[in-house]
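Below: the structure, in structure tokens.
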Amino acid sequence: MSRTVALTGGTGFIGRCVMRRLLHAGWAVRALTRAVQPAPASSSPSLHWVRGSLEDREALARLLQGAFAVVHCAGAVRGRTAADFEPANVVGVSRLAEAALAQTVPPRLLALSSLAAREPGLSAYAASKRKGEVVLESLGGHLSWTVLRPPAVYGPGDRELLPLFRLMAKGVAPILGPRQARFSLLYVEDLADAVLSWLTLDECPRGIYTLHDGHENGYSWDEVAATMRSLRGRGVLVLPVPSWLLHTAAVGMTGWSRCTGAPPMLTPGKVRELRHPDWVCDNAAWQAVSGWVPQVEFVRGIRLTLAATD
Ligand SMILES: NC(=O)c1ccc[n+]([C@@H]2O[C@H](COP(=O)([O-])OP(=O)(O)OC[C@H]3O[C@@H](n4cnc5c(N)ncnc54)[C@H](OP(=O)(O)O)[C@@H]3O)[C@@H](O)[C@H]2O)c1
């Protein structure tokens with residue numbers, strides 16, 4: 001059996017962590033990159049970069065050649081419209097699956113979707129993640145594939161949630177969703193562990209699996225603020241942000257991004273995701289097929305995250 005794993009998104013928040021853990025576990029990693037990368041350090045002789053993108057079929061063929069598995073962490077997470085998300089999150093999945101099927105022995109494929117795919121009507125991002133899943137579902141039995149649907153993932157190197165958590169650690173906790181809303185969370189190292197456990201399974205479980213940090217029924221914004229309060233040993237100012245203010249900010253940022261071309265941090269779709277009351281998911285099915293057990297609940301994960309990025 002080949003010990004090579006092909007990886008997409010290895011330059012991103014989650015992919016970087018997955019790559020580090022794969023190398024540490026003794027896998028050889030062939031990783032797709034759009035930018036020129038420095039030569040791997042002599043401490044990482046098992047890492048080989050393949051220059052190209054999800055749009056580049058020839059690069060995907062080189063990426064996958066002889067690999068045991070492909071772990072697909074690349075994706076578009078910021079944008080305004082379907083046209084910003086679908087090339088990576090839908091067509092990209094399709095091209096990767098085609099490249100896998102073109103191999104003499106097709107590698108098994110693990111794709112990172114998102115819990116957002118459960119509510120495709122909320123945003124262009126959510127819809128694109130669901131469409132990416134449908135691409136794999138429609139392959140039937142031709143390819144061995146698994147989809148993981150993580151909830152919000154946090155950890156060192158995150159660009160989306162970390163600024164908010166840093167602000168909370170300084171004593172100001174904006175509450176961006178409804179007070180009664182609940183959401184699951186996942187520490188990035190636990191997600192990387194889930195990938196490693198998938199690689200060791202004899203059979204690739206075909207299906208879509210949710211996973212979280214083991215905290216049943218998720219968290220509320222107030223619980224997150226309370227955790228920050230206990231970590232600080234001092235008070236945290238809780239500031240509920242009204243929905244109209246978030247929407248106004250989102251419309252402003254989206255308009256500004258049209259002028260600058262840079263993807264906006266907040267869009268009306270992102271606000272609908274933030275205001276959604278239920279982002280709680282279940283671990284049971286994934287644990288049953290993989291034996292994976294999350295190790296890091298929020299209080300420890302956020303301490304590790306803030307310590308790593310101070
Ligand atoms: N972060 C979360 O909370 C979270 C939660 C659930 C699911 N997810 C999913 O997990 C995946 C990774 O998210 P992330 O937070 O790590 O995002 P990220 O930090 O923005 O990383 C995205 C990665 O995808 C690569 N990429 C994007 N478009 C590409 C293309 N056309 N061709 C090749 N590479 C491309 C980027 O490469 P460059 O470095 O060249 O830009 C980067 O390596 C995404 O699919 C996301 O939907 C994330």
Side-chain angles (χ1 to χ4, degrees), residues 6-21 29-37 49-60 62-64 70-79 83-96 99 109-120 122-133 135-136 147-165 183-192 194-195 208-213 262-263 265 269-270 273-274 279 281 298 301 305:
L7 177 69
T8 71
T11 54
F13 161 52
I14 294 172
R16 227 181 353 249
C17 179
V18 169
M19 175 191 285
R20 188 170 39 73
R21 297 292 300 277
V29 177
R30 207 180 290 136
L32 188 68
T33 176
R34 294 193 286 191
V36 178
Q37 298 296 328
W49 290 104
V50 171
R51 187 80 194 282
S53 72
L54 294 171
E55 288 75 32
D56 181 345
R57 288 176 201 277
E58 196 267 327
L60 294 181
R62 276 188 286 128
L63 182 77
L64 268 54
V70 51
V71 177
H72 182 40
C73 297
V77 297
R78 282 190 184 183
D84 296 324
F85 294 109
E86 293 200 355
N89 296 352
V90 186
V91 185
V93 176
S94 178
R95 287 214 188 92
L96 201 59
L109 187 156
L110 177 70
L112 285 194
S113 179
S114 163
L115 194 57
R118 198 171 72 182
E119 302 289 345
L122 288 180
S123 66
Y125 169 72
S128 73
K129 296 306 283 187
R130 178 62 196 134
K131 283 187 185 174
E133 294 176 352
V135 165
L136 295 175
V147 166
L148 293 183
R149 267 187 185 177
V153 181
Y154 70 99
D158 167 31
R159 287 179 309 151
E160 305 296 316
L161 282 174
L162 190 54
L164 182 66
F165 289 153
F183 43 89
S184 297
L185 290 170
L186 186 60
Y187 187 58
V188 66
E189 297 279 350
D190 270 341
L191 178 52
V195 174
I208 297 173
Y209 296 92
T210 57
L211 67 175
H212 64 72
D213 68 358
M265 213 171 117
K270 191 65 157 177
E273 289 176 26
L274 282 168
W279 286 123
C281 63
F298 183 62
T305 302

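No experiment lies behind these values; they were computed from the predicted model shown. Just so you know, ligand 1 is whichever comes first in the structure, and atom 1 is the first atom listed for that ligand.
In summary, K129 and E119 do not engage in a salt bridge, as defined by a charged side-chain N under 4.0 Å from a carboxylate O.
Of all the heavy atoms of E55, the ones lying under 4.0 Å from any atom of ligand 1 belong exclusively to the side chain. With a 4.0 Å cut-off on non-hydrogen atoms, Y125 touches ligand 1 through its side chain and not its backbone. The parts of L112 lying near ligand 1 are both backbone and side chain, judged by heavy-atom distances below 4.0 Å.
Evaluated for a side-chain contact (heavy atoms from CB on, under 4.5 Å) with T33, the options V50, T8, T11 yield exactly one hit, T11. V71 pairs in a side-chain contact (heavy atoms from CB on, under 4.5 Å) with only one of the listed residues (I14, L109, V195), which is V195. Under the side-chain contact (heavy atoms from CB on, under 4.5 Å) test applied with H72, the options L96, L7, V147 reduce to a single match, L96.
Taking every heavy atom of both residues into account, R159 and R78 meet most closely at O-NH2, 4.0 Å. L54 approaches A88 most closely through the heavy-atom pair CD1-O, 3.9 Å. The two atoms that bring P151 and S184 nearest to each other are CB-O, 3.4 Å, heavy atoms only.
The protein non-hydrogen atom at the shortest distance from atom 37 (O) of ligand 1 is T11 OG1, 3.3 Å. When only non-hydrogen protein atoms are considered, atom 15 (O) of ligand 1 lies nearest to F13 CD2, 3.7 Å. Scanning the protein heavy atoms around atom 33 (C) of ligand 1, the nearest turns out to be L54 N, 3.6 Å. In this structure, atom 3 (O) of ligand 1 lies nearest to the protein heavy atom V153 N, 2.9 Å. Protein heavy atom nearest atom 40 (O) of ligand 1, with residue, atom name and distance: R34 NE, 3.0 Å. Nearest protein heavy-atom neighbour of atom 21 (O) of ligand 1: G12 CA, 3.3 Å.
Ligand 1 has P150 within reach: a non-hydrogen atom of the residue lies less than 4.0 Å from it. Ligand 1 has V77 within reach: a non-hydrogen atom of the residue lies less than 4.0 Å from it.
Within ligand 1, the atoms closer than 4.0 Å to a non-hydrogen atom of K129 are 44 (C), 45 (O), 46 (C), 47 (O), numbered from 1 in the order shown. For ligand 1, the atoms sitting less than 4.0 Å from at least one non-hydrogen atom of S113 are 6 (C), 7 (C), 8 (N), 9 (C), numbered in the order shown with element in parentheses. Of all atoms in ligand 1, listed by their number and element, those nearer than 4.0 Å to a heavy atom of S53 are 32 (N), 33 (C). For ligand 1 and G9, the ligand atoms under 4.0 Å from any heavy atom of the residue are 23 (C), 24 (O), 43 (O). Remark: ligand 1 atoms within the under-4.0 Å shell around heavy atoms of R159 are 20 (O). Using a 4.0 Å cut-off to heavy atoms of C73, the atoms of ligand 1 that qualify are 11 (C), 12 (C), 44 (C), 45 (O). Applying the 4.0 Å criterion to heavy atoms of P151 picks out, from ligand 1, the atoms 5 (C), 6 (C).
At distances below 3.5 Å, not a single donor-acceptor pair connects side-chain atoms of R16 with backbone N or O atoms of G10. A donor-acceptor pair under 3.5 Å links the side-chain atoms of R51 to the main chain of R34, judged by distance alone. A donor-acceptor distance shorter than 3.5 angstrom exists from the side chain of R30 to the backbone of L63, with no hydrogens or angles considered.
Relative orientation of the F298 and Y154 rings is perpendicular, given thresholds of 30° and 60° on the angle between their planes.
Residue contacts with ligand 1: I14 is placed with a nitrogen or oxygen under 3.5 Å of a nitrogen or oxygen of the ligand (distance criterion only). Ligand 1 has no N or O atom lying under 3.5 Å from any N or O atom of L115, backbone or side chain. Taking only nitrogen or oxygen atoms, main chain and side chain alike, G75 reaches within less than 3.5 Å of ligand 1.
There is a side-chain donor-acceptor pair under 3.5 Å between E273 and S123.
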